[in-house]
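Step one of this worksheet: look at the structure below.
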Amino acid sequence: MNWDPVDQTVLANEQVIDGRGWRSGALVERRQIPQWFLKITDYAEQLLNDLDQLTDWPSEVIRMQKHWIGRSEGVELTFALQQPAADCPAHNIEVFTTRPDTLFGVTYVAIAPQHPLSRYAAQNNPALTEFITAFEKVKVAEAEIATLEKAGIDTGLRVIHPLTQTILPVWTANFVLMSYGSGAVMSVPAHDQRDWEFAQKYHLPIQAVIEPLYETLVDLTQAAFIDKGRLIHSAQFSGLTSAEAFNAIAQHLSEKQLGQRKVQYRLRDWSVSRQRYWGTPIPIIYCGDCGAVPVPEQDLPVQLPTEVVFDASGSSPLKQMPAFSQAICPCCQKSATRETDTFDTFMESSWYYARYIAPRNNQQMISADAQKWLPVDQYVGGIEHAVLHLLYSRFFHKIMRDVGLVHCDEPFQKLLCQGMVIAETFYREETSGKKNYIAPQEVEILRDDKGQIISAKHQQDQQPVLIGNNEKMSKSKNNGVDPQTMIDQFGADTVRLFIMFAAPPEQSLHWSDSALEGAHRFLKRLWRLVHQQTQSEYFTQCQTINIAALTLDARQKELRSKTHQTLKKVSDDMGRRHTFNTAIAAVMELLNAVSQQKTHRSLEDAVVMQEALSLSTILLSPIVPHITHTLWQALGHTEAVIDVSWPTVDETALVSAQIEIALQMNGKLRTRLWVEPNLEQATLESLALSNEMVSRFIQDKTVRKIIVVPNKLINIVAN
RNA sequence: GCCCGGGUGGCGAAAUAGGUAGACGCAAGGGACUUAAAAUCCCUCGGAUGGUAACAUCCGUGCCGGUUCGAGUCCGGCCCCGGGCACCA
């Protein structure tokens with residue numbers, strides 16, 4: 001954990017700025033503290049395999065979860081320490097490798113700075129002690145460690161290669177993660193790029209044991225050769241391919257009891273302890289005799305005390321409250337202590353979707369009869385939850401399934417991940433390095449004519465503020481926008497329409513409220529068109545007429561075709577593609593066509609327009625429910641628009657009299673043709689060749705090829 | 001550093017299975033209506049060159065290269081922006 005020695009508290013990664021605590025400014029240290037974990041690694045295989053069931057999840061989320069779980073097959077093997085002293089904490093170093101075929105190329109073993117042997121070796125080695133101490137100033141985040149310059153130091157310890165019996169040095173290296181595998185790796189600089197760079201830096205030997213299968217230049221003075229190939233310098237295994245050697249070496253090690261095949265995961269167990277007040281208390285009582293005892297069911301839930309005192313330190317007030325922490329051991333009735341850590345809030349967000357179907361059941365988490373609602377048909381959440389929340393929920397669901405609370409494997413059938421809403425951040429920095437974020441509404445922004453921010457100052461004191469990156473809206477960055485003022489001014493329908501029209505939901509969006517008035521204008525226009533319709537002399541009559549019985553002229557047919565094309569597109573956009581922006585644009589186009597012929601010269605006009613307006617109202621109703629409710633009834637319909645079933649496309653209405661076909665020459669658009677739809681290929685070709693533009697183009701050339709894409713384009717290739 | 005997205009006019013975007021780039025909207029400019037304003041309606045609106053004009057020609061989807069009759073879309077390499085990296089949730 002990141003430990004702030006001044007505030008005496010654990011800090012989140014985002015609370016550590018340049019190695020210092022955000023409030024105290026103290027240098028942060030790594031510290032190990034006892035914590036509760038959920039053993040998610042026991043479910044790693046299922047969490048990976050069941051991803052195949054999630055066919056209605058975005059593929060990038062599946063990919064991210066696969067990488068996160070990080071299954072790899074390899075071999076775990078042991079390097080024995082050469083002559084370990086009596087006080088040595090271990091006599092062996094366990095390593096995991098996915099490349100047992102390179103085992104004969106191992107020239108050193110690298111261990112993590114927190115590895116017990118690193119600490120042991122440091123006792124008589126000031127340089128190593130210093131190296132480990134320096135590493136403990138690095139914050140816990142993986143990103144932090146991955147960007148460190150690779151460095152290491154010889155521990156002085158030596159191990160024996162399990163097959164060759166060669167003596168190899170053990171190095172402490174800052175890129176070996178204690179949290180992955182056993183915190184130790186065998187290093188093969190000839191065939192691993194990171195090991196190669198480390199060996200170059202510290203002049204460690206590089207031993208080639210793989211040669212390419214096919215003639216390729218390998219120059220180990222330039223880079224490692226990381227491909228698989230054929231083994232060399234590998235005793236009885238020489239000559240085998242990497243794949244053959246994987247099995248042969250794994251079997252050999254297993255027979256000699258020096259190692260075995262193993263599946264390793266990148267996924268780590270889930271730490272659920274938080275040293276905070278706000279959170280669900282972890283229901284555990286510590287007894288001097290009985291150890292950690294769960295709180296008995298009849299005493300659940302353990303509730304947070306409400307009378308708490310927060311002091312200036314960042315540590316949890318629960319620790320200072322004997323009234324809360326003193327307890328009786330449920331086993332032996334002696335006095336005991338209550339756990340004062342609370343649960344990670346991901347704990348609750350992992351199963352709320354299931355609790356929603358039985359919110360008032362105070363006997364069980366989930367009612368048996370409520371299970372029929374699961375899994376959730378359509379789940380919607382931000383892409384930033386692609387791994388953590390969505391993996392924890394899947395894990396929790398499987399636990400609930402295994403104790404019989406639910407009966408399906410996965411919690412969410414379909415998943416839509418909306419993109420993040422991004423906005424500028426503004427802040428001022430205290431001398432400690434702590435950033436105080438200032439809300440965009442409180443900042444006066446000066447932009448250049450391209451819209452780029454030149455400078456910003458605080459509205460109150462008129463002094464400059466610093467401009468941060470664009471980031472997802474969040475409380476911690478204070479860059480959120482409250483839609484309430486917009487709702488007050490324009491109404492909820494306008495704001496909903498504006499948001500849905502801005503971009504498809506899965507795309508991230510830089511917030512700007514400049515198009516809001518356009519959305520409002522559109523709704524006013526829809527309102528006017530509907531009311532013009534209701535004023536028409538044909539309005540009452542047109543409601544009872546079956547459109548199919550009428551004879552329509554070309555113009556009316558065209559509008560009717562547009563109406564049904566719009567219905568078809570909007571149904572697909574909303575139902576399948578979830579691109580609400582293009583659905584709205586399609587209705588806007590239809591209403592543009594309606595306004596172009598807004599006067600009724602005949603009953604037929606009124607009927608066609610009634611259909612266009614009624615359909616537009618239904619199509620928009622999921623997005624702007626309030627205005628469409630009113631307009632639907634204004635159009636003479638008796639039921640509520642929300643109760644109307646989604647309309648079906650009249651295929652016969654779709655047909656257009658003429659379509660436009662692009663005419664290309666050598667792939668370049670030259671002109672367009674207006675023709676009847678579904679013409680024969682030969683007809684289109686001769687039509688194209690008789691075109692004046694074409695004859696001019698081909699007069700001094702030979703036509704090589706004519707490509708016809710039906711109802712789309714003709715491309716004449718000539719030279 | 002690793003994994004996942006994205007980059008198209010002044011701006012938000014569209015182009016759904018490789019086939020007419022910029023639909024729809026915002027902003028801007030011009031005009032109509034009005035005593036005036038608001039509201040509304042009409043027109044222009046990627047860039048360059050030529051033309052009084054209708055229009056014509058060339059360039060153009062982050063950058064470099066490739067595949068193809070044809071690339072915003074596919075392939076290789078690179079740059080930039082956003083998200084995640086296990087205690088922001």
Side-chain angles (χ1 to χ4, degrees), chain A residues 1-2 10-16 35 40 58-68 70 140-148 150 175 179 194 266-276 344-346 349 382-389 391-392 417 419-420 422 449-451 469-472 474-477 498 501-504 506-510 512-519 521-522 524-525 528 569 572-573 576-577 579 581-582 584-589 592 595 660-672 704-707 709 712-718:
Chain A
M1 298 289 97
N2 303 306
V10 171
L11 296 180
N13 280 324
E14 71 158 12
Q15 296 170 329
V16 182
Q35 306 236 59
I40 191 171
S59 59
E60 67 268 24
V61 174
I62 305 274
R63 217 167 319 158
M64 280 189 256
Q65 294 215 348
K66 274 189 179 152
H67 281 124
W68 188 261
V140 183
E142 185 189 298
E144 205 77 4
I145 295 158
T147 46
L148 285 179
K150 312 268 174 294
F175 56 84
S179 54
R194 191 176 58 186
R266 205 184 77 97
L267 182 68
R268 305 203 297 261
D269 281 327
W270 175 13
S271 151
V272 293
S273 297
R274 296 292 180 270
Q275 299 69 35
R276 302 203 189 121
D344 178 7
T345 52
F346 273 130
S349 63
I383 186 69
E384 70 272 30
H385 294 297
V387 273
L388 293 181
H389 164 63
L391 192 67
Y392 292 148
C417 284
M420 283 135 313
I422 309 294
D449 41 357
K450 295 232 161 155
N469 294 331
N470 291 321
E471 289 186 70
K472 75 171 172 180
S474 68
K475 272 179 273 181
S476 61
K477 297 287 155 52
F498 163 65
F501 184 58
E506 67 274 13
Q507 192 169 315
S508 61
L509 179 75
H510 190 139
S512 141
D513 45 29
S514 61
L516 198 60
E517 290 187 34
R521 230 178 348 241
F522 171 70
K524 284 199 285 187
R525 195 145 150 255
R528 265 200 317 277
K569 176 162 176 58
D572 188 46
D573 283 354
R576 179 180 63 90
R577 296 211 302 154
T579 52
N581 58 329
T582 53
I584 294 164
V587 180
M588 285 176 169
E589 275 191 64
N592 285 345
S595 352
E660 193 187 50
I661 291 203
L663 191 45
Q664 295 184 336
M665 278 161 250
N666 285 345
K668 262 189 174 170
L669 178 73
R670 289 294 155 176
T671 186
R672 298 172 172 97
R704 303 285 171 192
K705 207 195 255 185
I706 302 179
I707 289 148
V709 182
K712 276 258 168 170
L713 66 71
I714 304 165
N715 184 17
I716 296 166
V717 185

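In what follows, every chain begins at residue 1, and chains take the letters A, B, ... in the order their sequences are listed. Just so it is clear, the values below take in all heavy atoms, side chains as well, and ignore hydrogens, waters and symmetry mates.
Between A/Lys477 atom NZ and B/rG82 atom P the separation is 11 Å, expressed in whole Å. Taking atom CD of A/Gln65 as the reference point, atom C1' of B/rG83 lies 15 Å away to the nearest angstrom. Rounded to whole Å, the distance from NZ on A/Lys475 to P on B/rA89 is 9 Å. Spacing between atom CD of A/Glu144 and atom C1' of B/rG1 amounts to 11 Å, rounded to whole angstrom units. With rounding to whole Å, A/Leu663 atom CG is found 19 Å from B/rC69 atom P. Here B/rU57 presents its C1' atom at 9 Å from CZ of A/Arg670, a figure rounded to the nearest Å. Rounded to whole Å, atom C1' of B/rA17 lies 13 Å from atom CZ of A/Arg577.
Checking B/rA86, B/rC58, B/rG84 against the side-chain heavy atoms of A/Val387 singles out B/rG84 as nearest.
Taking only side-chain nitrogens and oxygens, A/Lys472 never comes nearer than 4.0 Å to OP1 or OP2 of B/rG83. In this structure, A/Arg274 reaches the B/rC87 phosphate: one of its side-chain N or O atoms is under 4.0 Å from OP1 or OP2. Between A/Lys668 and the phosphate of B/rC59, there is a side-chain N or O to OP1/OP2 separation shorter than 4.0 Å.
Residue-level contact check: A/Lys524 touches the backbone only, with heavy atoms under 4.0 Å from sugar-phosphate atoms and none from bases. Across all strands, A/Val10 comes closer than 4.0 Å to base atoms (heavy-atom distances). Within 4.0 Å of A/Arg194, counting heavy atoms only, lies no atom of the nucleic acid at all. Residue A/Asn715 is in base contact, counting any heavy-atom pair closer than 4.0 Å across all strands shown. Contacts of A/His389 with the nucleic acid, taken as non-hydrogen atoms under 4.0 Å apart, are absent. Among the heavy atoms of the strands lying under 4.0 Å from A/Ala143 is at least one base atom, whether or not backbone atoms are also near. The residue A/Thr345 sits close only to the backbone: its heavy atoms come under 4.0 Å of sugar-phosphate atoms, none of a base. Here A/Arg528 lies in heavy-atom contact (under 4.0 Å) with sugar-phosphate atoms only. Among the heavy atoms of the strands lying under 4.0 Å from A/Ile422 are primed sugar atoms or P, OP1, OP2 only; no base atom is included. As judged by a 4.0 angstrom heavy-atom cut-off over every strand, A/Trp68 is placed among the base-contacting residues. Contacts of A/Asn470 with the nucleic acid, taken as non-hydrogen atoms under 4.0 Å apart, involve only primed sugar atoms and P, OP1 or OP2. Residue A/Lys569 is in base contact, counting any heavy-atom pair closer than 4.0 Å across all strands shown. A/Ser512 comes within 4.0 angstrom of nothing in the nucleic acid, heavy atoms only.
Nearer the 5' end of RNA chain B, as judged by each residue's closest nucleotide, is the contact made by A/Glu384, out of A/Glu384 and A/Ser474.
B/rU44 and B/rG6 have their P atoms separated by 35 Å, given to the nearest Å. B/rA56 and B/rU52 are spaced 15 Å apart, taking the C1' atom of each and rounding to whole Å. Look at the P atom in both B/rU16 and B/rC74: the space between them is 11 Å, to the nearest Å. Remark: the separation of the C1' atoms in B/rG46 and B/rG60 is 8 Å, to the nearest Å. B/rG12 and B/rA23 have their P atoms separated by 15 Å, given to the nearest Å.
Shown here, B/rC78 forms a base pair with B/rG62; the pair counts as Watson-Crick or G-U wobble because both key distances fall under 3.5 Å. The partner of B/rC2, taking Watson-Crick or G-U wobble pairs whose two distances both stay under 3.5 Å, is B/rG84. B/rG70: no Watson-Crick or G-U partner with both key distances under 3.5 Å is found in any strand. Nucleotide B/rA48 has B/rU57 as its partner under the Watson-Crick or G-U criteria, with both atom distances under 3.5 Å. Using N1 to N3 plus N6-O4 or O6-N4 for Watson-Crick, or N1-O2 and O6-N3 for G-U wobble, each under 3.5 Å, B/rG10 pairs with B/rC26. Of all nucleotides present, only B/rG31 satisfies the Watson-Crick or G-U wobble test against B/rC41, with each distance under 3.5 Å.
Panel note: side chain A/Asn666, backbone A/Ala718; a donor-acceptor pair is recorded below 3.5 Å. A/Asn470 contributes no side-chain N or O that, together with a main-chain N or O of A/Ile422, makes up a donor-acceptor pair within less than 3.5 Å.
By the 30° and 60° cut-offs, the orientation of the rings of A/Phe346 relative to A/His385 is perpendicular.
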In sequence, state the C-alpha distance, the side-chain angles, and the governing distance for A/Asn13 and A/Glu144, and then conclude on side chain to side chain contact (heavy atoms under 4.5 Å, CB included). CA-CA 10 Å; A/Asn13 280 324; A/Glu144 205 77 4; over 6 Å; no
Which atoms of nucleotides 21-31 of chain B (N or O only) lie under 3.5 Å from a protein N or O atom, and what are those distances?
residue : atom : partner  : partner atom : Å
B/rA23  : O2'  : A/Glu589 : OE2          : 3.0
B/rG25  : OP1  : A/Asn592 : ND2          : 3.3
B/rC26  : OP1  : A/Arg521 : NE           : 3.1
B/rC26  : OP1  : A/Arg521 : NH2          : 2.6
B/rC26  : O2'  : A/Ser514 : O            : 3.2
B/rA27  : OP2  : A/Arg521 : NH2          : 3.0

Name the pairs: protein N/O against N/O of nucleotides 4-7 of chain B, kept only if under 3.5 Å.
residue : atom : partner : partner atom : Å
B/rG5   : OP1  : A/Arg63 : NH1          : 2.5
B/rG5   : OP1  : A/Arg63 : NH2          : 3.3

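Counting non-hydrogen atoms of other residues, nucleotides and ligands closer than 6.0 Å to NZ of A/Lys66 gives a total of 12 or fewer.
Ionic pairing of A/Lys524 and A/Glu517 is not present here: no N-O contact between side-chain nitrogen and carboxylate oxygen is shorter than 4.0 angstrom.
A donor-acceptor contact under 3.5 angstrom links the side-chain atoms of A/Gln275 to the base of B/rC87.
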